[in-house]
Amino acid sequence: MTSPKTRVRFAPSPTGPLHIGGVRTALFNYLFARHHGGDFLLRIEDTDQSRYVPGAEEYILEALAWCGIKIDEGPRERGVHAPYRQSERKALYAAYAQQLIDSDNAYYAFDTPEELDALRNNAEAHGGTFTYDNSTRKGLKNSLTLPGDVCQSLLASGEHHVVRFKMPENRIVEETDLIRGHVQFNTDQLDDKVLFKSDGMPTYHLANVVDDHLMEITHVIRGEEWLPSMPLHILLYEAFGWKATMPQFAHLPLILKPVGKGKLSKRDGDQMGFPVFPLAWKDPKTGENYRGYREDGYLPDGLINMLSLLGWNPGTEQEIFSMEQLIEAFSLDRVGKSGSRFDPEKTKWFNHQYLIRHSDYELARSFLPYLEAKGIEVPFDLVVKVTGLVKERCHFAYEIWDQGFFFFQAPVSYDEKIVSKRWKDGVPGMMAGIAGFFRTVATWHAPEIKEPFSQYVTEKGWNFGTIMNSLRLCLVGGSFGPDIFEICEIIGREETIARIELAVRTLHAE
RNA sequence: GGUCUGUUCAUCUAAGGGUUAGGAUUCAAGAUUUUCAUUCUUGCCAUAGGGGUUCGAAUCCCCUACAGACUACCA
């Protein structure tokens, strides 16, 4: 018997933008699938219509695409198991709920939300908690307690009801989690979860088990927050008689806030100054805007690389990985069990690593929009050249401007600290001399400027530190930038001289 | 409260009974760059606590502490 093809799914609910933890879950699923030559499916879990947010599904699709996570089967890709949106599979679930009722694994419950709330509040008032489980179900309004004919007439009259799972009594449910190893639960601690809601939709628990079965999912890789419901899911597979083909489970550790307590949440980003979403998002209801990695200038491969190392490690000291290398190296048994704090600083470092690895041409292209926003039009060749010269000093593409704006326009101001430090008596005269000297340079190429320049300064007996730093101040307006002769070459002889003359005219020596 | 899960430098992590507990990020210092950044070198910094088991424990067991998740007709 050959083992079935590996099939995994990422199953977000379209209740808002996908956050970075969701991206990591999707990534690990994707890497696992690709590593084993299997399929990666996207299933939209929109069984809660009240929480549906317009645009969320499109956001998820766009975010995954931006990250380079490719979907084999999903709402857009289709596939033999279509549809991939649970709202469109609605008709399917009732029959499965019925199957569970017929086999005495589930029952109808007629208690209203108000009645249940009252029970909960009452229990809390007495310092306890109310749970709908095998100890309380005997005293509630359901098909286990109501006479058969009463029950039938309630159903026939269209009385609102839900279907609940009949949790077995005192059973140990055991399972081997691919990340956590052996875990076990006693069913007495578990409640009779709602499987089918009064609005005619299944809950997550029913839908996810039915769909995973139907879609031939072999491995369920999801966040740790699902661990407590694993026994219910296992019991459902059993009740349906699907135990033999039940997927294996792997529960990923959580991603925690950089500081403070708890898991990373939506609001942390703006409060702590980094994005928690891959793409920017505007909440259609509140109108609030959230920053995104893409809009903040992060490169997707750097973000993916950083995320891959949150909870997983290759066991070697390599830490720069392309998607292909991640696929090659990834395995679930190198995923840790404990939660990881998200580190915005390291994310920046990864971005820098990817930035300097990008070709000058590619990087120049992503810098172009920033340049255009400044209203600057220059030949693309120049942008590429400048990019190559300054990219090592940048963490983000937009910083090419901060590091190299003087290639595109004369400095509009001079750094006062540097002026008072460098622009001493006598310096303007020396600079005027340099300007004059530049007119005599035969070939305007960096090395051919540098050589006679050094001779000239030596002959004059001037101090090199003074000359170089002052010249830099004239050309860039401060004390930064790449090699000074490279700057001269690129901006050209006339511009170089003009900037020196401008500085001599405007700056006053102490 | 109950159930489940976890705990190695500030942060991400390695070491699956035997190493001076390794690497990376951050931070600091030095070198290089007659500038800034990069780069390089160095430094700082950890096995939550207590009991076992063992010749030997970060690693196996127990207890405590702390942390997190879950405890909806949400996923």
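Letters A, B, ... mirror the listed sequences (proteins, then strands); counts begin at 1.
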Whether A:D212 and A:R43 form a salt bridge (side-chain N of Lys/Arg under 4.0 Å from carboxylate O of Asp/Glu) is what I want to check.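 Salt bridge present between A:R43 and A:D212.
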
Could A:D191 and A:K193 be called an ion pair, given the rule that one side-chain N must be under 4.0 Å from one carboxylate O? yes

Can you tell me the pairing partner of B:U41 across any strand shown, Watson-Crick or G-U wobble, with both distances under 3.5 angstrom?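 The base-pairing partner of B:U41, which may sit in any strand shown, is B:A29.
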
Re B:U3: Watson-Crick or G-U wobble partner, both distances kept under 3.5 Å, found to be B:A69

Taking the nucleotide of RNA chain B with the closest heavy atom to each, which residue, A:F185 or A:D483, is nearer the 5' end? A:F185

Along RNA chain B (nearest heavy atom to each residue), the more 5'-positioned of A:W349 and A:C394: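 Upstream on the strand: A:W349.
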
Can you check the [X] [atom1] to [N] [atom2] distance for me, whole Å?
X      : N     : atom1 : atom2 : result
A:K337 : B:G6  : NZ    : C1'   : 9 Å
A:D188 : B:C4  : CG    : P     : 12 Å
A:F321 : B:U13 : CZ    : P     : 14 Å
A:D133 : B:G1  : CG    : P     : 20 Å

What side-chain donor-acceptor pairs closer than 3.5 Å can you find for residues 397-417 of chain A, not counting sequence neighbours?
unit_1: A:E399; atom_1: OE1; unit_2: A:H395; atom_2: N; d: 2.6
unit_1: A:E399; atom_1: OE1; unit_2: A:F396; atom_2: N; d: 3.4
unit_1: A:D415; atom_1: OD1; unit_2: A:K417; atom_2: N; d: 3.0

Phosphate OP1/OP2 of B:U7: any A:R341 side-chain N/O under 4.0 Å: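 For B:U7, OP1/OP2 do not have a side-chain N/O of A:R341 under 4.0 Å.
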
Could you run through nucleotides 67-75 of chain B and give me one letter per nucleotide, 5' to 3': B if any protein heavy atom sits under 4.0 Å from the base, S if only the sugar-phosphate is that close, - if neither? SBSS-SBBB

Test of ring centre spacing under 6.0 Å for A:F28 and A:F330: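 Between A:F28 and A:F330, the centre distance is under 6.0 Å.
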
Inter-nucleotide C1' distance (B:A10, B:G30), Å rounded: 24 Å

Nearest to side-chain heavy atoms of A:H352, which nucleotide of B:U39, B:C12, B:U5: B:U39

Contact residues, residues 306-318 of chain A to RNA chain B [heavy atom, < 4.0 Å]: A:L309, A:L310, A:G311, A:N313, A:E317

